[in-house]
Amino acid sequence: MEVIKSVLYFILAGIFEIGGGYLIWIWLRDGKSYLYGIIGAIILILYGIIPTLQPSNANFGKVYAAYGGIFIVMSILWGWKIDKIIPDKFDLIGGFIALVGVIVIMYAPRG
């Protein structure tokens, strides 16, 4: 159950980081209202809180290293679904490698 909660926290953090960053992106690059920037900034602050919900035995460095792999995959998915950029085989291979890294860093049994 801890692993499932941990994965859900990673996914939630990814949604908040990518979503908040995206709102700031479209505010500054696409000329949207400054409210997009404010909402994006608030979401990014919340993103900073979410990783603290990871299991108490996971330290900052481990959580953020593993989150990097989740971020890679979620960014590829975001680009595919939101920006309509279809991932190529190298995107998929890289995403798979990143997920293997997440599993090793966060969930490999340690003695």
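- The shortest distance between side-chain heavy atoms of Phe10 and Gln54 falls below 4.5 Å.
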Using residues 99-111 as the side-chain source, report each donor-acceptor pair under 3.5 Å to any protein atom, sequence neighbours left out, with the distance given to one decimal.
from	atom 1	to	atom 2	distance (Å)
Tyr107	OH	Ser6	OG	2.6
Arg110	NH1	Ile105	O	3.2
Arg110	NH1	Ala108	O	3.4
Arg110	NH2	Ile105	O	3.1

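- In this structure, NZ in Lys32 is found 5.5 Å from CD1 in Ile26, a value given to the nearest 0.5 Å.
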Original post:
What's the verdict on side-chain contact (heavy atoms from CB on, under 4.5 Å) for Leu77 and Ile82, showing C-alpha distance, side-chain angles and the deciding distance?
Top reply: CA-CA 8 Å; Leu77 293 173; Ile82 303 300; over 6 Å; no

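- Rounding to the nearest 0.5 angstrom, the gap separating the CG atom in Asp91 from the CD1 atom in Ile72 is 11.0 Å.
- When hydrophobic clusters are built by joining Ile, Leu, Val, Met, Phe, Trp and Tyr residues whose side-chain heavy atoms come closer than 4.5 Å, directly or via intermediates, Tyr34 is grouped together with Leu23.
- Between Asp88 and Leu92, the closest side-chain pair of non-hydrogen atoms is not below 4.5 Å.
- Ile45 and Trp25 are not part of a single hydrophobic cluster, where members link through side-chain heavy atoms under 4.5 Å apart.
- For Lys5, the NZ atom is loosely surrounded, since the number of other residues' heavy atoms within 6.0 Å does not exceed 12.
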**OP:** Please test Trp80 against Ile85 for side-chain contact (heavy atoms from CB on, under 4.5 Å), starting from the C-alpha separation and ending with a verdict.
**Re:** CA-CA 5 Å; Trp80 183 20; Ile85 298 171; over 6 Å; no

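- Grouping the Ile, Leu, Val, Met, Phe, Trp and Tyr side chains by contacts below 4.5 angstrom, directly or via other members, places Val73 apart from Ile97.
- In the hydrophobic clustering of ILVMFWY residues, with side-chain heavy atoms under 4.5 Å counting as a link, Ile43 and Ile38 come out together.
- Partners of Ser33 according to the side chain to side chain contact (heavy atoms under 4.5 Å, CB included) rule, which considers only residues two or more places apart in sequence or in another chain, are Leu35, Tyr36.
- Ring pair Tyr22/Trp78: centre-to-centre distance below 6.0 Å.
- Taking CD1 from Ile15 and CD1 from Ile70, the interatomic distance works out to 11.5 Å, rounded to the nearest 0.5 Å.
- Looking at heavy atoms from C-beta onward, Ile50 lies in side-chain contact with Phe16 at the 4.5 angstrom threshold.
- Ile24 has its side chain within reach of Leu44: a pair of non-hydrogen atoms, C-beta onward, lies under 4.5 Å apart.
- When all heavy atoms are compared, the tightest approach of Val63 to Pro51 is CG1-CB, 4.0 Å.
- Sorted by first and then second residue, the ring pair (Phe, Tyr, Trp, His ring centres under 6.0 Å) pairs involving residues 37-66 (not counting sequence neighbours) are Tyr47-Tyr67, Phe60-Tyr64.
- A chain of hydrophobic side-chain contacts below 4.5 Å, direct or via other Ile, Leu, Val, Met, Phe, Trp or Tyr residues, connects Leu46 to Ile11.
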